[in-house]
Each structure stands twice: as structure tokens, then as C-alpha cells.
Novice: 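Here it is: the structure, laid out below.
Throughout, protein chains are lettered first and strands after them, A, B, ... in sequence-line order, and every chain is numbered starting at 1. Just so it is clear, the model here is predicted, and its values are computed rather than measured.
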Amino acid sequence: MLEIKNLNVHYGVIQALKNISLTVNNGEIVTLIGANGAGKTTTLRTISGLNKPTSGEILLEGKEITSLSAPQRVKLGISQVPEGRRIFPDMSVLENLELGAFLRNDKNNIKKDMENIYQRFPILSDRKRQTAGTLSGGEQQMLAMGRALMSRPRILLLDEPSMGLAPLLVREIFEIIKDINSTGTTILLVEQNASMALAIAHRAYVIETGTIVMSGTGEELAKSDEIQKAYLGGE
Amino acid sequence: MEQFLQQVVNGISLGSIYALIALGYTMVYGIINLINFAHGDVYMIGAYIGFAAITYAKLGFFPALVITMILCAILGVVIERVAYKPLRNSTRIAVLITAIGVSLLLEYVMMFFVGAEVRSYPKVLSGEVFHLVGVVINIQQIYIVVTAIALMILLQFIVHKTKIGKAMRAVSVDQDAAQLMGIKVDSTISYTFAIGSAFAGAAGVLVGIYYNSIDPLMGIMPGLKAFIAAVFGGIGSIPGAMIGGLSIGIMETLVSGYGNSMYRDAAVFAFLIIILILKPTGLLGKNTREKV
């Protein structure tokens, strides 16, 4: 579904990504784990078109999308839940969800999708008219995910959905991610919470200072000694 | 008491004009953090377009107003595309200085073409007056206030109910997040300039009709006052600009009426200083987070 080949990204003279290549197959949950500053967010932002690569290719279903703008990529089915959620705090929950469907014109289906989102996240339905800025962190994360789903993405990019949430909520969010995936949406998940991410991922990549250093199935990586030591707090 | 009411009525007409100009300042600031100093000159050019439409094309008030708004909208978009867009990623001060440059350019190019002299505006509305509990209200004032209110309602509708309006609000809060919704930032900025400039053009026509005289430098003072109105209301806030415009207008006429019209401008600027000391974010402004 999504393929990245030899991607290089610079911020000024600093190289943030060095020759990154990764693949996400249709229907998979793939996770990209790594420490703070390793280049996880940059990878996602480059896939969604917010950052421009210096070289390399991004392919969506075999088609080159590297030169397309972020809105054009949304139209093709790439939707990102950004780091820190980035909901529109002064707008209502409903307006936030409507913005998620900005590029769509099929009113009836939008309504249906909105109902589905409310079913998945009942709390959002209760708070429809409330300003999004007044929601709690977990609710905001749900809103950000709901908003991203409103564009009917083929692939959903999630940037640290567990950030700043209580452990119980983190578990809930990961259950939701699995559930979204089971309804056919491919997922690329970026996480610092490696144990949770590896537990739900079909495959995983490990990124360190802008380079992919390991890859494998979620299970394999969860058992590997290096990962245990570096990310899972094992001996 | 009658004199007071009379000054308030005059102040509301003047204030609705300031409010129309202030809206453009505040919308542009909200979306790209630029104080568009050329905005007052778009208002001046609007006055001239209205002048030409009424004098040469023999149009009535409403057709002249609509044509002026359309042409000013185009002018605003062209200014943004040519002067500001190439500086999207440069420092704020660079764009600000460019805005001052655009302002001077518009003033003196106009002066080159139409001459520096003051022109008197054609009579397009009757000068009929009403007496209401001792207060004199003329038809022009009614047209001004009604036009301004209608435009502000239209703006509220655009901003809150249409896709373009929602895109504008999203881009003004968070450009990256807006792009992830599929919103094109550049065209949203263009729409903002178009609407703000159209309003300034409308204000130009109204002022021409009200004060009966126009000249190429007429945009400087009202531009500054509308800017103060926007700051007073809280820059970036649309209701703030409306309240700010009306307050500045009423304040000015009261100072002229009871004190000395020589102190009118001084009073307005002194007021700005006081606001900036007491409430730097303005009446309805929010403390903005600096994005890192």
C-alpha cells in the first residue's frame, strides 16, 4: 500500500532522516518505534506531505506521490493524526469532525460516517456542541482520530496517540486502533511506548538518529534482546 | 442630551466605516500574522473605483458598491500573491516592511494617474434628513449603517457556515493541521485577502458619499484608526473589530463635539496607548501561544 524508498530529509543543514526505506502492506498495522528525536515524527510528516524530502520516493499503491501537496495526499487517502493531537480548540467537536471531511461532498455518507464515529467514541456524541479545547486529553485524542477517519483514509498515520495519557486510557486507545484496523484501514503507528505498539503491530521498524536499525514482526522485535534493553526496560 | 445623541448617531456612522476597514486588518492578521499596512490604501482605491463607477459609468449606489467590492477583492488577492506570498517563510519584519512599501506604491501610483488634488464625490444619494427626538439623521447615514451591518452579517455567515469560512478559521489556528484536513493554505489566504479588501472597498465608497471628498492619501488616517480599532477589539477577533470600530467612531465624534476637533486624532491615539498598557490583547483578544 505504502512504500518509502531511500528517503532523506533535512532541516537546514541538519539531516533528520538518512536513507529511510519502509513498506506498509494493505491491512497491516506497522509501527515505527524509537527514542525522542530519532526521526519518527519527521517520517510521518514527510509521508503526509508537511515536510519535503531532499531525495527519495514515496509510493502509494505503486504511484509516486512525492511531489504532491499535503491536501492532495489527503484526497488520495492518507490521513494523519498529528503529534499532540492538534485539534481546533475554539471549534466545537462537531465542527472538528466536519473539517475532517473537508474534501468530501457526499453529504449522506458523511452523515453516516459521523454516526459511526459517534458509535466508536460515544463521549464525542455527548460533547458534540462543546468546544474541543475543553475536552480532556483522552477525549481530544479520540476526537483527533475521529477527525482523521472522517476523510475515509486508506492509510491512517498515527503519531504518538498515547502521549500524555493515563495507562488505562492508553490501553483503550490501542484497543480502538486495533478495532479501526480490523475494519480495513491500514495503519502506520509511531510510538515511544514500544511495548504497547509492538503488542498490536503486525510488523515493526526501529529508528535511531534518522536511520532504520531493525525490522521484523512485532513479536520478533518484542523478544529481541536489544529492543528489550533499549526500549522495554528489560535487562 | 440631544447634542449627545446627535454625536452618538454621527459616531455610529463613522464607526461602522472604521469597523468595515478594521475587519480586513483583523482577518489578515488572524491568518498570516501580518499587519497589512496597505489595507488603508485599498480603501482609498475603493473610493476611486466607486467615484469612477458613479461619475463615468453613471451607476447607482448599489451597482457601484458591488463593482467596487469585486475589483478591490481582486486587488487584494493580487497584492497578496505578488508582494506577500513570496515572503511566506521569511521573518515577520520583512513582510511588514513590504506592506509599508505596497502602501506607498499604491498611494503614489494613484497620485500619478489621478492627480493629487481632492475630488468631490458625485451625489448619488439624496441629502434628505429626518428629525427623530431632536436628532438629525440623514439618508446617507442610514445607508452607511445598513450597508455595514448587512456586510457584517454576511461575514459572520461566511465565517461560521461556509466551507471557506471554516477553512479560514482552521488555517488561522493551525496551518499544519488544516493541511492535514485537505485545506489548501494558499487559496484560503487568498480568500481572506479578497473578503477583507472587498470590505475596505465598500468602506471607501461609503466614506466618499458621506464626506463628499476623496484624495490619494485619504487612506492613511482611517487606515491607522481602523488598525487601532482592530487592536482595541483584540486583533484577530472579528467581533472585536466591529466593537472596536464603533467605539473609535463614537469616541472621535464625542471628542469633536464636546472638546475640540483638533484633539480628535490625539484622543484616539492616546486611547491606543492606554489599551496597550492596560490590556495588550485588546477587548476580545486572546493570549496567543507562540508556536515553536
Novice: Can you tell me if Glu191(A) and Ser162(A) form a side-chain donor-acceptor pair at under 3.5 Å?
Specialist: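 Indeed, the side chains of Glu191(A) and Ser162(A) share at least one donor-acceptor pair under 3.5 Å.
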Novice: Taking 4.0 angstrom as the limit, do Glu83(A) and Arg45(A) come out as a salt bridge?
Specialist: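 Salt bridge flag = no for Arg45(A) with Glu83(A).
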Novice: Examine the side chains of Asn36(B) and Tyr84(B) and answer whether a donor and an acceptor come within less than 3.5 Å of each other.
Specialist: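 Their side chains do contain a donor-acceptor pair, which is all the 3.5 Å distance test asks for.
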Novice: Chain B heavy atoms under 4.5 Å from Arg85(A): which part of the residue, side chain, backbone, both or neither?
Specialist: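 For Arg85(A), no heavy atom lies under 4.5 Å from chain B.
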Novice: Name the orientation class of the two ring planes belonging to His39(B) and Tyr25(B) (parallel below 30°, tilted from 30 to 60°, perpendicular beyond 60°).
Specialist: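 Answer is perpendicular, since the angle exceeds 60°.
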Novice: Check each atom of Leu50(A) against the heavy atoms of chain B and say whether the ones under 4.5 Å are side chain, backbone, both or neither.
Specialist: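 Side chain only.
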Novice: Out of Arg147(A), Lys75(A), Gln72(A), return the one with the most heavy atom pairs under 4.5 angstrom to chain B.
Specialist: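 Looking at each of Arg147(A), Lys75(A), Gln72(A) in turn, Arg147(A) comes out on top.
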Novice: Is it true that a side-chain atom of Asp41(B) and a backbone atom of Leu106(B) form a donor plus acceptor pair closer than 3.5 Å?
Specialist: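 No, the answer is negative, given that no donor and acceptor are paired below the 3.5 Å cut-off.
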Novice: Count the heavy-atom pairs under 4.5 Å between each of Asp90(A), Ile78(A), Val81(A), Leu99(A) and chain B, then report the option with the highest count.
Specialist: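 Sorted descending by pairs with chain B, the first entry is Leu99(A).
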Novice: Chain A: which of Arg169(B), Lys166(B), Lys184(B) shares the most heavy-atom pairs with it under 4.5 Å?
Specialist: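 Going by pairs under 4.5 Å, I would pick Arg169(B).
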